[in-house]
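Single-structure report; data block below.
Side chains included, hydrogens not; waters and symmetry mates left out as well; all remaining heavy atoms used.
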Amino acid sequence: MASGLNSTERTIISSVSYVVALVVSIVMDQMGIALTPVVFVAFAFPFLFGTRTLRLRGALLVAAGISVTGLALLLFYEGPAIVSLIAFPLSYMAVGGLIGWLNERRQAKRAMWQQPRSLKDRYDEDLFEPALNILHFIDREGSVVRRNEASRTTIGHPTRRSLQLSEYVHPSETTKIKTELIRLFDRGEVRGIETRFVSEDRKSFPVEIRGSRVNERLAIMEARDRSTEAELERQIMETEAPHRRLIEDSIDTLDSGIIMTDRKREVIWANATIGKFFGIDRDRLIGVDAKSALSRYVGAFEDAQALSKVMEEAIDKGERIDSIVCHVRPTLSRAERILEYRSIPIETDRYKGGRIDHYIDITELKQLEESLREKTRNLERSNEKLEEFSHVVSHDLKEPLRTVETFSSFLLEDYEDKLDKEGVDYLNTLKRTSARMRQLINDLLSLASIHMDTKSFERINTQRMLEEIREDLEIRLRGVNLQVAGDLPPVRGSRVRIGELFSNLVVNGIKYNDKALPMIRVGWQKDARSNNNSVTFFVEDNGIGIESRYQERVFGIFEKLNPREDYEGTGAGLAICRRIVEEHGGTIWVESEVGKGSTFYFTIPRAREVETHA
């Protein structure tokens with residue numbers, strides 16, 4: 001019976017019978033039966049069953065274990081009976097040694113004289129069962145016909161000698177394993193195959209298998225459990241690989257070409273953009289000396305010899321190159337480009353001696369710069385022609401206007417008494433219209449001439465400027481309540497234009513006011529339309545107000561929303577204000593309610609505190 005059982009089954013039966021013998025001995029002693037013969041008889045079965053197939057050392061260990069148990073029972077229940085205490089261990093040790101010796105003799109003879117006649121005989125029991133890796137004898141379909149202890153422990157199904165392919169191979173790997181089985185029986189051997197097995201509780205684990213054909217129907221397959229190895233690999237991948245992949249992929253996706261060299265001056269990495277820029281295989285550069293690698297693509301540049309000399313000198317001396325503009329000549333394998341070359345030595349606490357070369361594509365930037373320069377030149381020429389045209393036209397227009405206005409005055413002075421009332425009105429209308437036309441031309445010239453260079457901006461004491469404006473407008477401000485905040489912040493801009501801006505808005509508040517006591521208030525505030533680099537000013541009046549639908553239109557050139565005979569002016573004042581504000585990089589807007597007044601807001605750059613006060 002024992003010869004047909006595997007080691008696990010024999011161990012289970014021996015353990016159970018040992019426990020039974022122990023219980024029987026204790027029960028018999030409680031019943032008053034002499035314990036010595038009971039112990040001898042009760043432990044005979046587990047002893048003989050357990051040592052039946054063991055070699056000498058194993059049999060002696062089992063005999064020693066049972067002897068210790070028997071002596072403990074005898075000492076505890078019967079007391080120090082010298083004969084029993086000596087006879088029990090001696091007899092078990094002698095019998096155990098004899099059984100072990102006989103088993104070794106029998107196995108030696110079998111190995112020497114018997115030819116293998118079965119699957120069990122073809123594979124050494126001492127190598128098969130104790131093997132650390134999973135061992136399977138399998139047929140052509142992958143069914144296991146015999147398995148070792150490692151298979152029963154790892155895969156499960158400990159009481160089964162055979163397994164079907166689907167019971168131990170992961171479903172997704174079945175087709176792959178069947179293909180490898182065909183190769184195994186055709187070629188006689190396979191190795192290094194990574195796949196996944198499943199255990200009895202349906203948990204998968206990675207294995208690496210190799211196999212060898214035994215005969216036409218059978219093969220032996222060894223599977224190494226890679227669970228621990230795979231877990232370590234996973235942990236390493238989680239900690240290092242993502243960062244490496246991220247770095248490599250990030251460098252490869254850059255629009256800039258990158259070449260990295262180590263302290264040995266060998267290229268360790270060149271990204272995909274390098275190949276695109278120079279029309280070469282980047283792999284030809286990796287592992288090559290830095291100068292040799294440079295020689296493989298430097299010929300793509302215009303003035304290649306001079307560039308190569310500068311680059312090689314920087315490599316030899318370990319110097320930094322901040323910026324060199326290089327022109328790449330076009331060929332069938334590369335496009336024409338303008339590159340900015342930078343070379344930076346690696347000098348950190350952890351690594352010294354390496355180098356990173358950058359090639360930044362600035363082709364579009366240079367094209368945009370050239371286009372911008374051309375547009376600027378055209379705009380400057382256009383502005384010069386426009387200014388020249390404006391002055392010529394204004395001169396040509398104002399000259400006949402002055403003539404009309406002068407002769408109208410002469411006629412009114414010399415012939416007023418000879419003309420009827422209607423004729424006098426005609427001449428007065430002609431004179432006023434000529435004067436208004438002259439003012440329109442002047443306003444148009446003023447608007448066209450507003451063009452400022454920010455380099456000419458200066459710090460302006462706004463508080464002092466408003467006091468000067470109050471003095472200049474003294475006559476117009478008679479009967480007007482002008483209130484100026486006492487903490488106006490300094491600004492940065494054109495002193496003349498900023499003064500014109502404030503003056504125009506104050507005059508505008510006086511002009512379009514129907515109240516008995518006009519009120520104008522000048523102040524500043526911070527709101528959502530400004531930031532720390534600008535100041536929001538306001539000029540508030542209690543005049544006639546502006547309807548909401550016209551609050552954007554009032555900033556148009558020559559826009560007057562009221563009849564000309566009611567209010568003097570050309571309608572260019574607010575357009576000039578907007579132009580001045582926009583030339584300073586600010587914005588202007590109005591908030592108004594008809595009959596209650598208007599508030600004009602505008603932003604102007606704030607003056608820095610470190611500037612000298614005006």
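More than 12 heavy atoms of other residues, nucleotides or ligands lie within 6.0 Å of CG in Leu372, so this atom counts as buried by the packing criterion. Counting non-hydrogen atoms of other residues, nucleotides and ligands closer than 6.0 Å to CD of Gln305 gives a total of 12 or fewer. Within a 6.0 Å sphere centred on CG of Asp255, heavy atoms belonging to other residues, nucleotides or ligands number 12 at most. For NZ of Lys352, the number of neighbouring non-hydrogen atoms (other residues, nucleotides, ligands) closer than 6.0 Å is greater than 12. Environment of CD in Glu364: sparse, with no more than 12 heavy atoms of neighbouring residues, nucleotides or ligands closer than 6.0 Å. Within a 6.0 Å sphere centred on CZ of Arg226, heavy atoms belonging to other residues, nucleotides or ligands number more than 12. Lys176 NZ: more than 12 foreign heavy atoms inside a 6.0 Å radius.
Ion pair Arg191/Glu222 not flagged as a salt bridge, since none of the NZ, NE, NH1 or NH2 atoms sits closer than 4.0 Å to an Asp/Glu carboxylate oxygen. In summary, Arg464 and Glu467 do not engage in a salt bridge, as defined by a charged side-chain N under 4.0 Å from a carboxylate O. Arg265 and Asp316 are joined by a salt bridge, as a carboxylate oxygen and a charged side-chain nitrogen come within less than 4.0 angstrom of each other. Ionic pairing of Glu180 and Arg183 is present here: one or more N-O contacts between side-chain nitrogen and carboxylate oxygen are shorter than 4.0 angstrom. Salt bridge Glu583/Arg579: present, at least one basic N to carboxylate O contact under 4.0 Å.
Arg213 and Phe185 get closest at one heavy-atom pair: NH1-O, 2.6 Å. Nearest heavy-atom pair across Met465 and Phe502 is SD-CD1, 4.4 Å. Residues Ser151 and His136 share a closest heavy-atom pair of OG-NE2, 2.7 Å. Nearest heavy atoms, Asp225 versus Val207: CA-CG1, 4.1 Å. Closest approach of Arg296 and Val288 over heavy atoms only: NH1-CG2, 3.8 Å. Heavy atoms only, all atoms of each residue included: Val484 and Arg470 are closest at CG2-NH2, 3.6 Å.
Between the side chain of Glu173 and the backbone N or O of His170, no donor-acceptor pair lies under 3.5 Å. The backbone N or O of Ser256 sits less than 3.5 Å from a side-chain atom of Asn271, completing a donor-acceptor pair. No donor-acceptor distance shorter than 3.5 angstrom exists from the side chain of Arg337 to the backbone of Val328, with no hydrogens or angles considered. Judged by distance alone, the side chain of Arg329 and the main-chain N or O of Gly299 form a donor-acceptor pair under 3.5 Å. Not a single donor-acceptor pair under 3.5 Å links the side chain of Trp589 to the backbone N or O of Gln551. When atom types are taken as modelled, the side chain of Ser503 and the backbone of Gly499 share no donor-acceptor pair closer than 3.5 angstrom.
Note that the CZ atom of Arg224 and the CD atom of Glu194 stand 8.0 Å from one another [nearest 0.5 Å]. Atoms CD1 and CD1, from Ile177 and Ile182 in turn, are 12.0 Å apart once rounded to the nearest 0.5 Å. Atoms OG1 and CD1, from Thr261 and Ile346 in turn, are 6.5 Å apart once rounded to the nearest 0.5 Å.
A centroid separation of 6.0 Å or more is found between the aromatic rings of Tyr341 and Phe301. Residues Phe602 and His584 place their aromatic rings such that the two centres sit no closer than 6.0 Å.
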Does Thr536 form a side chain to side chain donor-acceptor pair (under 3.5 Å) with Gln525? I'd like the steps, not just the answer. CA-CA 5 Å; Thr536 300; Gln525 66 176 18; over 6 Å; no
Would Phe537 and Leu488 count as a side chain to side chain contact (heavy atoms under 4.5 Å, CB included) here? Give the steps. CA-CA 9 Å; Phe537 292 96; Leu488 295 179; 4.2 Å; yes
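The side-chain tip of Arg263 points at the ring of Tyr351 from less than 6.0 angstrom away and within 45° of straight on.
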